[in-house]
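Below: one structure, written as C-alpha cells.
Order of the sequence lines fixes the chain letters, A, B, ..., with proteins taken first and strands second; residue numbering starts at 1 for each chain. Scope of the values below: all heavy atoms of this structure, side chains included, with no hydrogens, waters or symmetry mates.
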Amino acid sequence: MLQQTQVPTALPYYERFIKQFPTPAALARASDHAVLKAWEGLGYYRRAGNLHAAAKAVIRDHGGRVPDDPKVFAQLPGVGRYTCGAVQSIAFGHARAALDGNAVRVLARWFAVGRPITEAATRRRLWQLADSLVPASAPGDWNQAIMELGSRLCTPRSPRCPLCPARRLCAAAKRGIQDRIPVKRRRKPIPHIEVGAGIIWRRGKVLMCKRPAGKMLAGLWEFPGGKQRKGETIRECIRRELKEECDLAVTVGKHLIDVTHTYSHLKVTLRCYHCRAPRGRAKLHASAEARWLRIDDIPTLPLPAADLKILQALGIERETAVRATRNPRGR
DNA sequence: TACACGTGGCG
DNA sequence: TCGCCAAGTGT
C-alpha cells in the first residue's frame, strides 16, 4: 500500500484491509472482487493483485509464513528492491537498505549528488550509499528514520535544515545547495482526452462493464463508453462505443455531468449522458463482463475514482427528484 | 531503458 | 489551475 502512496493516505485502507484479511491465509482465499473492492480508491490497482498473488504463494510455497530470507521474499510478486529491504529490515532485522523517494532525496543531499536521480548510474550509486549506511543493529529503525527525515524535514521544497539532526553531515547544506538537489528532469506533459460515457437504462437498471485485464484499471467496473474521435460529437461517440463494445443500440438522452479526472499519465474528461437501450443482449467485445444493476447495487462493485464521482452525481440527482416529489414546490 | 500505472495533497 | 510528489514495480 505504501508503494508511491503517502502514509496518511494508506493508513485507513490498511486498517480496514487487515481487519478483513487478518492473515495470509484469509487473503489467499478471498475473491479477486473482494480484494479489489477493499483497494478501491487507493490507486495502482495492480498492487492489490500482486499482494493477493503473494498471499497465495506464501500459503502454497512457504507454509503460510512470510519468508524471512530476503532472497526468497524478493521473489514474491510486487516485491521489488525497496519493499524487500523495508520488510526484511523492519520485520526481521536484516541489514538491508530501503531506498524510497524520501531516502533518495536525503542521500542525494547528504552526499551532494549532482547527477540527475533518474539516471541508472545515479540510482546505483544511491543504492550503494544506502547499503553502506545501514547498521547491523536495528536496521529497520535506521531505514524508517531516513525515510521519516525525508518526509518531515528534508522535504522536496523548503527543507528545514536548521532542525535537521544530520545538518553537520550534509554536503548539500554545507554548500547551501540543498534547494538544487536532487537534480531531476522535467516530466513530459500528459495528454488530455475526451471520453463519452453512458448511464444506460433498462427497466430501472443500469449497465456496468468490467475493465479488461492488462489495461488501466483492470478488473474495476465502469459506466461504459470510450474515447471521442475527431469530427465526432459526444453523442455519436457514445452510440458508437456502445455498439462496438457491447453491441447495444442506445438512444442518448439527457446530460448528467462532466467529470475531469487526472491519472498518472493521462487526463480525461468524462462526458456523461443518460441513455436508453430498450432491447438487445449486451454482448462483450473489449469489455470482459457486463451487468445490469440497480443503482443501489453499484456500490458493491469496485469502481475507479472517476466513476465514483458519476455515481455520486446519480445519487444526488435522485435525491433531488425524491425531494421534489415529496414537496412539489421545492424549497 | 523508458514507460505505464491512481489518487490526493500541496505550494 | 498546474506541476510536483508520494515508504515503486513490472514490462
Donor-acceptor pairs under 3.5 Å, side chain of residues 63-78 of chain A to any protein atom, not counting sequence neighbours: which ones?
{"residue": "A:D69", "atom": "OD1", "partner": "A:K71", "partner atom": "N", "Å": "2.9"}

Q.
For a 4.5 angstrom cut-off between non-hydrogen side-chain atoms, does A:L207 reach A:W201?
A. no

Q. So what does A:A86 hit on the nucleic acid, given a heavy-atom distance under 4.0 Å: a base, only sugar-phosphate, or nothing?
A. nothing

Q: Identify, with sequence neighbours excluded, every residue that meets ring-ring contact (aromatic ring centres under 6.0 Å, His included) alongside A:F21.
A: A:F17

**Q.** Earlier contact from the 5' end, DNA chain B, for A:R124 and A:G41
**A.** A:R124

Q. According to the salt bridge (Lys or Arg N to Asp or Glu O under 4.0 Å) rule, which pairs have a member within residues 72-85 of chain A, sequence neighbours left out?
A. A:R81-A:D131

Q) Using atom P of each nucleotide, how far apart are B:dA4 and C:dA7 to the nearest Å? A) 23 Å

Q. Rounding to the closest angstrom, what is the interatomic distance between C:dT1 and B:dG6 at atom P?
A. 24 Å

Solution key, residues 163-176 of chain A side-chain donor-acceptor pairs under 3.5 Å, sequence neighbours excluded:
{"residue": "A:R167", "atom": "NH1", "partner": "A:C164", "partner atom": "O", "Å": "2.6"}

**Q.** Rounded distance in Å - CG (A:L42) to P (B:dG8)
**A.** 9 Å

**Q.** Rounded distance (Å) that lies between atom C1' of B:dC3 and atom CE of A:M216
**A.** 14 Å

Q.
Expected output is a numbered-order residue list: members of residues 259-270 of chain A with a heavy atom under 4.0 Å from any atom of DNA chain B. What is it?
A. A:H261, A:T262, A:Y263, A:S264, A:H265

Q. Can you give one letter per nucleotide of nucleotides 3-11 of chain C, going 5' to 3': B for a protein heavy atom under 4.0 Å from the base, S for sugar-phosphate only, - for none?
A. BSBBBBBS-

**Q.** A:E317 side, atom CD; A:I310 side, atom CD1 - distance, nearest 0.5 Å
**A.** 12.0 Å

Q | Contacts of type ring-ring contact (aromatic ring centres under 6.0 Å, His included), residue A:H94, not counting sequence neighbours | A | none

Q: Hey, could you give me each pair passing salt bridge (Lys or Arg N to Asp or Glu O under 4.0 Å) that has a residue in residues 112-125 of chain A? Not counting sequence neighbours.
A: A:R115-A:E119, A:E119-A:R185

Q. How far, in whole Å, is C:dA6 from B:dT1 if one measures between their C1' atoms?
A. 23 Å

Q: Just call it for A:A120: base, sugar-phosphate, or nothing, with non-hydrogen atoms closer than 4.0 Å on any strand.
A: sugar-phosphate

(Q) Going by the rule ring-ring contact (aromatic ring centres under 6.0 Å, His included), which residues pair with A:Y273 if we only count those two or more places apart in sequence or in a different chain? (A) A:H255

